[in-house]
Novice: 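Sending over a structure as structure tokens; questions will come in a sec.
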Amino acid sequence: MRLFANKGARLILQDIRGHKMSLLNTTEIMEILPHRYPMLMLDTVEELEPGVRAVAKKNITINEEIFQGHFPGDPTFPGALTIEALAQTGAVALLTLPEFKGKTAYFGGIKKARYRKMIRPGDTLTLEVTLDKLRGAIGSGKGVVYVDGKKATTAELTFIIGD
């Protein structure tokens, strides 16, 4: 395996054949985020440019507790949890900055959320958040969720960094 920087400080992990590998696993994500089961929405982080951008993955399985009631016989992953997964992706991008290490990123707001595709068990979410503003302890960014390369959800997010 080797770690290399591409375009500035963006980190990507590859094996010796050049195949992309996950940069952070769930255990490593839990060292950054305070979330735990059942609210930890990220399985891996694929790309990371601290303070700028993060790309994460979330595998949706029928074993998610939410499917017991949403909806029996027609399991659909809730849009609110999709937005939460985006917020956690953005939080990883923020909390990997040295000045925010050990802090918590709170979800401060959402604008222009659009749901374009139903998310079902078996789907893998690719979550991409690009931070566009950071002033003191408040940041904002744009998030996109892809399923099979197609946009499923988009939103503008606001984060507040706290102790």
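This structure is a prediction, so every number in the text was calculated from the model and none was measured. Along the sequence shown, residues are numbered consecutively beginning with 1.
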Novice: Would you compute the distance between atom CD1 of Ile62 and atom CD of Gln68 and round it to the nearest 0.5 angstrom?
Specialist: 10.0 Å
Novice: Output a table of donor-acceptor pairs, distance under 3.5 Å, between side-chain atoms of residues 152-163 and any protein atom two or more places apart or on a different chain; print 'none' if there are none.
Specialist:
{"residue": "Thr154", "atom": "OG1", "partner": "Arg116", "partner atom": "NH1", "Å": "2.8"}
{"residue": "Asp163", "atom": "OD1", "partner": "Lys103", "partner atom": "NZ", "Å": "2.5"}

Novice: Indicate every side-chain donor-acceptor pair of residues 137-146 with a distance under 3.5 Å to a residue at least two apart or in another chain.
Specialist:
{"residue": "Ser140", "atom": "OG", "partner": "Asp132", "partner atom": "OD1", "Å": "3.0"}
{"residue": "Lys142", "atom": "NZ", "partner": "Asp132", "partner atom": "OD2", "Å": "3.0"}

Novice: Just jot down the side-chain hydrogen bond (donor to acceptor under 3.5 Å, both in side chains) partners of Glu128, sequence neighbours excluded, or say none.
Specialist: Arg53
Novice: What side-chain donor-acceptor pairs closer than 3.5 Å can you find for residues 89-101, not counting sequence neighbours?
Specialist:
{"residue": "Thr89", "atom": "OG1", "partner": "Ala85", "partner atom": "O", "Å": "2.9"}
{"residue": "Thr96", "atom": "OG1", "partner": "Val92", "partner atom": "O", "Å": "2.9"}
{"residue": "Thr96", "atom": "OG1", "partner": "Ala93", "partner atom": "O", "Å": "3.2"}

Novice: Does Asn25 reach the main-chain N or O of Thr27 with its side chain, forming a donor-acceptor pair under 3.5 Å?
Specialist: yes
Novice: Compile the donor-acceptor pairs under 3.5 Å between side chains in residues 34-43 and protein atoms, sequence neighbours left out, one pair per line.
Specialist:
{"residue": "His35", "atom": "NE2", "partner": "Glu84", "partner atom": "OE2", "Å": "3.4"}
{"residue": "Arg36", "atom": "NH1", "partner": "Met30", "partner atom": "O", "Å": "3.4"}
{"residue": "Arg36", "atom": "NH1", "partner": "Leu33", "partner atom": "O", "Å": "3.0"}
{"residue": "Arg36", "atom": "NH2", "partner": "Met30", "partner atom": "O", "Å": "3.0"}
{"residue": "Tyr37", "atom": "OH", "partner": "Glu65", "partner atom": "OE2", "Å": "2.5"}
{"residue": "Asp43", "atom": "OD2", "partner": "Asn59", "partner atom": "N", "Å": "2.6"}
{"residue": "Asp43", "atom": "OD2", "partner": "Asn59", "partner atom": "ND2", "Å": "3.4"}

Novice: Tell me every residue that passes salt bridge (Lys or Arg N to Asp or Glu O under 4.0 Å) with Arg120, counting only those two or more places apart in sequence or in another chain.
Specialist: Asp74
Novice: Carefully, step by step, assess Leu24 and Ile32 under the rule side-chain contact (heavy atoms from CB on, under 4.5 Å).
Specialist: CA-CA 10 Å; Leu24 300 173; Ile32 299 166; 3.7 Å; yes
Novice: The criterion is side-chain hydrogen bond (donor to acceptor under 3.5 Å, both in side chains); which residues satisfy it with Lys117, sequence neighbours excluded?
Specialist: none
Novice: How close do Phe67 and Pro75 get, counting heavy atoms only, and between which atoms?
Specialist: CD2-CB, 3.7 Å
Novice: Rounded to the nearest 0.5 Å, what's the gap from CG on Leu125 to CG on Leu86? Could you check?
Specialist: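 Going from CG on Leu125 over to CG on Leu86, the span is 8.5 Å.
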Novice: So how far is it from Thr44 OG1 to Ile29 CD1, rounded to the nearest 0.5 Å?
Specialist: 6.0 Å
Novice: side-chain hydrogen bond (donor to acceptor under 3.5 Å, both in side chains) with Ser22: which residues, sequence neighbours excluded?
Specialist: Glu46
Novice: Measuring from atom CG of Asp123 to atom CE of Met118, what distance do you get when rounded to the nearest 0.5 angstrom?
Specialist: 11.5 Å
Novice: What salt bridge (charged side-chain N to carboxylate O under 4.0 Å, His left out) pairs are there with at least one residue in residues 24-34, not counting sequence neighbours?
Specialist: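 Counting only pairs at least two positions apart or across chains, no salt bridge (charged side-chain N to carboxylate O under 4.0 Å, His left out) contact touches residues 24-34.
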